[in-house]
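Each remark here refers to the structure printed beneath this line.
Naming convention: chains lettered A, B, ... in sequence-line order (proteins, then strands); numbering from 1 in each chain.
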There are 2 protein chains.
Amino acid sequence: MRRPGASPLYAQVEAILTDRIARGDWPPGLLLPAEPDLASELGVSPGTLRRALARLERRHLIERRQGRGTFVAQQTSAQALGQFFRVRDLSGKPVRPETVVTGITTGPAMGEEAVRLRLVPGEKVHRIERLRSLNGVPQIVERIVVPAALFPGLSLPLAPQRLETEIYVHYQQAHGIIVVRAEETLSARAASTEEARALGREPGAPLLVIERITYDAAGRPVELRVSLLDTRDHRYAVELV
Amino acid sequence: MRRPGASPLYAQVEAILTDRIARGDWPPGLLLPAEPDLASELGVSPGTLRRALARLERRHLIERRQGRGTFVAQQTSAQALGQFFRVRDLSGKPVRPETVVTGITTGPAMGEEAVRLRLVPGEKVHRIERLRSLNGVPQIVERIVVPAALFPGLSLPLAPQRLETEIYVHYQQAHGIIVVRAEETLSARAASTEEARALGREPGAPLLVIERITYDAAGRPVELRVSLLDTRDHRYAVELV
DNA sequence: CAGTGGTCTAGACCACTTT
DNA sequence: AAGTGGTCTAGACCACTGA
């Protein structure tokens, strides 16, 4: 195949398949055609297709299972937690948070928020407050901002329960949005009186601040989040390679 | 090629090449044999060799340059900084630290240190204290613990200068040790009086604590490090995928 | 047993770098 | 012009899964 000044063929194939998934043409859970079939449909060799599939798998957009086939990734609670929740206990073991919603409001996006979420000024957002416990003890205060357009059913009484699991599962089930990437910045800050009360600490206690922006498969921002972690018994863990 | 219960051939090739680099048989900067030659020397097909080389490149152990050849990775200051220094300014731009050594002592490894560095109890370590400035302002207090065996020339008068650049460059030049991986855990903590004075802050001010353990190509731990960052003007940035 | 992805091989052609 | 890695192709065989 030719490639005058364009990108490599495997990258083009990767982009085509990413687009099918991002648009919902290929919904989560779908079994993809077998590799030889998909390769001939796209007009590329099996080797080139495999190279594109390997990259999609590394981005967690598909799952390949030997003997079964290749599937569009399902956003499950356990999977989203493993991918995006970096908190560990002091021995390094992963912990599972229990979550309670402590407040929901709806209003226009602030200047900074609107820019980062790429909303028109004044567009509505939901603000969600949650308290997350690790091993039964409140350890994380969390404030989430999401475009209201992505969360229409939020005023319903059942909404809080949905918000107590990872909201990425809701995104996928209700809108076919697959969350694939997040950027986090970390800092340290003194607790306010409200934050301190929620976490059972004294005002001014040092907290770890985790600010996150989350993107879907199409590269659109879909969530802003600030998490305040009490780090007496837990750590935020990363590996650098 | 057969593979009864063993690992894939490309993984075996990767292990062989990693070993050659880790042992110093292939020193940093070396030009590797051309792919067809290396493949036939190892008794594998070019495709299998390329798969192993791709993995080595992702681990930053080699660099491949089209038209020139494949080289064992050189540890440069800029490269080590880009790979392991996650601090950004508030706009997200990378910053380059200037570093001053504020203290060096030598003594036996403490219990916890000895375990993590896999030293025999009582084995000597160097403890290095540094103050790092960003844009001319002191922002990071750093304490580094390294096995004394890896840093024999530390009492020489020129040592402090060496310690003012990334010490990974010294590791590579003096011992052929290539640092490939680090684990970091983050937390928030109140500044002590000495830490506060060094950073121009009030005692008790919240600081971001970054604890790092660093490993070489052979998987041996070669450094413990604690960095205390003033996060009024900077952030620690990570991407989750 | 049939069908899937995982591994391994072999070789052609292209783009880039250096001589 | 010669040599390198990057791309793309084509096909054989193996390991795993589920009917």
Fill in: Verdict with reasoning, Tyr171(A) to Glu223(A), per side-chain hydrogen bond (donor to acceptor under 3.5 Å, both in side chains)
CA-CA 10 Å; Tyr171(A) 272 160; Glu223(A) 180 209 52; 5.9 Å; no
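Nearest to the side chain of Pro8(A), among dC8(C), dC8(D), dG6(D), sits dC8(D).
In this view, Tyr236(A) satisfies the ring-ring contact (aromatic ring centres under 6.0 Å, His included) rule with no residue, not counting sequence neighbours. For the ring-ring contact (aromatic ring centres under 6.0 Å, His included) test, no residue two or more places apart in sequence or in another chain qualifies with Tyr10(A).
Close to dC8(C), at under 4.0 Å from its OP1 or OP2, lies no side-chain N or O of Arg51(B). Phosphate contact (OP1/OP2 of dT7(D), side-chain N/O of Tyr10(A), threshold under 4.0 Å): present. In terms of phosphate contacts, Ser45(B) brings no side-chain nitrogen or oxygen within less than 4.0 Å of OP1 or OP2 of dC8(C).
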Give each protein N/O atom lying under 3.5 Å from an N/O atom of nucleotides 17-19 of chain D, with the pair distance.
| from | atom 1 | to | atom 2 | distance (Å) |
| --- | --- | --- | --- | --- |
| dG18(D) | OP1 | Arg68(A) | NE | 3.3 |

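Judged as a side chain to side chain donor-acceptor pair (under 3.5 Å), the pairs with a partner in residues 64-73 of chain B (not counting sequence neighbours) are, in order, Glu35(B)-Arg64(B).
Looking at Leu240(B) and Glu184(A), their side chains come closer than 4.5 Å, going by heavy atoms from C-beta outward.
Within residues 32-40 of chain A, the residues having any heavy atom under 4.0 Å from DNA chain C are, by residue number, Ala34(A), Glu35(A).
One end of the helix from dC1(C)-dG18(D) to dT18(C)-dA1(D) points its axis 10° away from the other end's axis, with each axis taken from 5 pairs and the angle rounded to 10°.
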